[in-house]
Amino acid sequence: MKKYLLLTSLICFTLTRATAQPIVKPGIWRAVLALKAGELPFGLDIQPNATKTGYTVYALNGAERLKMDEATLKNDSLHIPMSIFDSELVGHVSGNKLTGFWRKRRTKNELQVVPFSAQHGLAYRFVPSNAKPATTNLTGKWATLFRAVEGGDTTLAVGVFTQKGTSLTGTFLTPTGDYRYLAGDVVGDSLLLSCFDGNHAFLFKAKQQTDKTLRGLFQSGAVYQETWTARLDPNVALPDPAKLTYVKPGQTFGFAFPDPVGNVISNNDERFKNKVTVVQLLGTWCPNCMDETKFLGSWLKKNRSRGVEVVGLAFEKVPTLAASGPKIQRMAQRFAIDYPVLLAGSNNKDEASAALPSLNRVVAFPTTIFLDKTGRVRHIHTGFAGPGTGVYYDRYIDEFNRLLDKLLAE
């Protein structure tokens, strides 16, 4: 009888171990994407959520704590989705390690898959704090030129870096937006920076030359690469973002597009009559746009009573309500915005320009159009300097408030 009970207990214990889900250790994890150009590291903060049915996860990039969607265990793997970007981290759980992949939908029929791993309890970015010390200080503004490895297209940018010891943070500003929060290290005379936000995976490498310029490689996602060079220049500046997009002579700006459930909303609707209106050109696939959406949603709640409205015109990868309507709704819920976001068309810039024929062209997402109380365009700002740009973000918010104060006072 005792042998039978012992055997039964052993079988039950074995079956329990075989079917029990693994435990995901709470705390900080050092995550890595394996790219052709090398390892792209970022932080994850994983904690059991209040209901104990899943996990709350933040991606860590410098000062940013970017909340992902609720993570769940499926069999022996942790799934960390960012549904707004059609993106997901999947990692097999084994003690202190996660091993799997980052999967992102690029088109209806194309998935981008990159190897992913993470280790619990490690908080450093590229190298431990006791690694090779920095032999240079890269703090300052850098005039930067990016050149595509294939095709040779170039982009002018301004690198803005702050170095403390071997730790480096900052971003690159371009005429169409910024590269959000970048974090990394200076090892000897070399720069290493990275960012992962669920949609973009950015890896920057560079070595300081004898003439003090930086020369390096930039990889975005699984395959795209650019070379880049930079020189320290405290006076470097980008083209005026107010002069890139404008209303054609003799044209009147207007819009009429459906909301996510198919109701057409127009600038001629009563809700916009005699009100200052901020029109946001965006895409749910665009992290810079999400930065602006977060700002606009919060700003509007504090200022709507002054006689102002905001409306978003979304240009999506799949310009149909069936595909993109739910994404727009998820974005609105995620950022708790209460202004309408309409499906305006495709994120192809030529097609976006055709959807708004009164404009000379749509150069970037986001682009922000400011209408006075009569519906006349008074200002158009291309791009958005997000919170990762520091003083540039503060400057933009000041300019935004001054412009709105002026329009509301008229």
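These numbers come from a predicted model, not from an experiment.
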Item to check | Closest contact, heavy atoms only, D197 versus L66 | outcome: O-CD2, 3.4 Å
Item to check | Inter-residue atom distance L60.CG - R65.CZ, 0.5 Å rounding | outcome: 6.0 Å
Item to check | salt bridge (Lys or Arg N to Asp or Glu O under 4.0 Å) evaluation trace for D185 with R125 | outcome: CA-CA 7 Å; D185 300 284; R125 197 74 174 189; over 6 Å; no
Checklist entry - Does a side-chain heavy-atom distance below 4.5 Å link P48 with P26? => result yes
Checklist entry - When the ring planes of F365 and F315 are compared, do they come out parallel, tilted or perpendicular, using 30° and 60° as the limits? => result tilted
Checklist entry - Hey, are the side chains of N360 and T245 touching, using non-hydrogen atoms and a 4.5 Å cut-off? => result yes
Item to check | Test item: K36 and V223 side chains (from C-beta on) under 4.5 Å apart, heavy atoms | outcome: no
Checklist entry - Do Y396 and H381 have ring centroids that are under 6.0 Å from one another? => result yes
Next on the checklist: To the closest 0.5 Å, what do you measure between CZ (F101) and CG (L89)?
Outcome noted: 9.5 Å
Item to check | Stepwise side-chain contact (heavy atoms from CB on, under 4.5 Å) test for M290 and M331 | outcome: CA-CA 8 Å; M290 300 303 97; M331 181 197 71; 3.4 Å; yes
Checklist entry - Quick one: do the D69 and S83 side chains pair a donor with an acceptor below 3.5 Å? => result yes
Next on the checklist: Please evaluate residues K207 and D189 with respect to the criterion salt bridge (Lys or Arg N to Asp or Glu O under 4.0 Å), reporting the C-alpha separation (whole Å), side-chain torsions for both, the decisive distance (0.1 Å), and the verdict.
Outcome noted: CA-CA 6 Å; K207 182 179 178 65; D189 59 0; 3.0 Å; yes
Checklist entry - Measuring from D394:CG to D398:CG, what's the distance to the nearest 0.5 Å? => result 7.0 Å
Checklist entry - Are the side chains of L404 and V278 in touch, meaning some heavy atoms are under 4.5 Å apart? => result yes
Checklist entry - Do the side chains of Y339 and E309 get nearer than 4.5 Å, heavy atoms only? => result no
Next on the checklist: I need the minimum non-hydrogen distance between K275 and R271, along with the two atoms involved.
Outcome noted: CD-O, 3.2 Å
Item to check | Member of L313, N268, V264, L281 meeting the side chain to side chain contact (heavy atoms under 4.5 Å, CB included) criterion with F255 | outcome: L313
Next on the checklist: For R306, is there an ion pair with D405 - N to carboxylate O distance below 4.0 angstrom?
Outcome noted: yes
Next on the checklist: Could you measure the distance from the CE atom of M68 to the CD1 atom of I46? Nearest 0.5 Å is fine.
Outcome noted: 10.0 Å
Checklist outcome for this item: Y181 meets the ring-ring contact (aromatic ring centres under 6.0 Å, His included) criterion, sequence neighbours left out, with none
Checklist entry - What heavy-atom pair brings P366 and C286 nearest, and what distance separates the two atoms? => result CD-SG, 4.2 Å
Checklist entry - Is the closest side-chain heavy-atom distance between P387 and F295 below 4.5 Å? => result no
Checklist entry - Where do V310 and T277 land on the side-chain contact (heavy atoms from CB on, under 4.5 Å) test, with the steps shown first? => result CA-CA 6 Å; V310 175; T277 302; over 6 Å; no
Checklist entry - Under 4.0 Å between a Lys/Arg side-chain N and an Asp/Glu carboxylate O for E316 and K327? => result no
Next on the checklist: Taking the ring centre of each residue, are F218 and F172 less than 6.0 Å apart?
Outcome noted: no
